[in-house]
Amino acid sequence: DEIPEIKIIIITIHAEDDYIFEAYAAGAVDYILKTESREEICKSIRRVYDDEEFIRPYIAKRLVSGYMEAHKMRQSFMYLLSIMTSLTNTEMEILKASYYGKSRKEIAAERFVELNTIKYHITNILKKLHYKSLRHLLSDIKELQLFEHFFKDN
């Protein structure tokens, strides 16, 4: 970005998606594996020199796949975040305690209520959030890091 006329071609042995995404995010215009032929590397240099836009098919496939995965994750994140705001304070506290590994019995003891009361609240949480199991819900919350980023103080 500091010197826009300089164009970067990455030539590497790393074929992992993270390296590819980071290279393009940093401004690379091409990403070539060292296993490519000399001719292909020379073509890349010519294309870049001639300002031709080009993305290798295997890179394009990975970029599209990465975009789709990020989009799906964002939709899941926004959906779950929005419906979690429908929980009562009590339900949110029970969900958070479950998330941090407390058993239903421990939560009931801490809240000075019967175990059935905690089970009742968990049933309501699952209905509101459209989940069949608490384990699956907690797994999704962990993957999306909702408590780490948005519900720290609840």
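Computed from a predicted structure; not experimentally measured.
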Check your understanding: Is it the case that more than 12 heavy atoms not belonging to E16 sit under 6.0 Å from its CD atom?
Key -> yes
Is it true that atom OH of Y100 has more than 12 heavy atoms of other residues, nucleotides or ligands lying nearer than 6.0 Å?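 Atom OH in Y100 is crowded, with more than 12 foreign heavy atoms closer than 6.0 Å.
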[atom2] on [Y] to [atom1] on [X], rounded to 0.5 Å:
X    : Y    : atom1 : atom2 : result
T35  : I11  : OG1   : CD1   : 11.5 Å
K96  : L87  : NZ    : CG    : 13.0 Å
H136 : D140 : NE2   : CG    : 4.0 Å

Within one Ile-Leu-Val-Met-Phe-Trp-Tyr cluster: [X] and [Y], side-chain cutoff 4.5 Å:
X   : Y   : value
L33 : I9  : no
V29 : L63 : no
I55 : I10 : yes

For the residue pair [X] and [Y], establish whether any side-chain heavy-atom pair is separated by less than 4.5 Å.
X    : Y    : value
C42  : R46  : yes
F147 : M84  : yes
K102 : I118 : no
L95  : L138 : yes

>> Would N124 and Y120 count as a side chain to side chain contact (heavy atoms under 4.5 Å, CB included) here? Give the steps.
In response: CA-CA 6 Å; N124 284 341; Y120 171 80; 3.2 Å; yes
Any carboxylate oxygen within less than 4.0 angstrom of a Lys/Arg side-chain nitrogen, looking at D30 and K7?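 No, this pair does not count.
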Determine the minimum heavy-atom distance between [X] and [Y], stating which atoms define it.
X    : Y   : value
I122 : S98 : CD1-OG, 4.4 Å
R111 : E93 : NH1-OE1, 2.7 Å
I32  : Y58 : CA-OH, 4.2 Å
I41  : E36 : CD1-O, 4.2 Å
I20  : A15 : CD1-O, 3.7 Å
I107 : I94 : CD1-O, 3.9 Å

Applied to residues 2-32, the ring pair (Phe, Tyr, Trp, His ring centres under 6.0 Å) test, sequence neighbours excluded, yields H14-Y19
Exercise. So, E40 side chain and S37 main chain: donor-acceptor pair closer than 3.5 Å or not?
Worked result: no
Residue pairs involving residues 116-138 (criterion salt bridge (Lys or Arg N to Asp or Glu O under 4.0 Å); sequence neighbours excluded):
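Listed by first then second residue: E91-K128.
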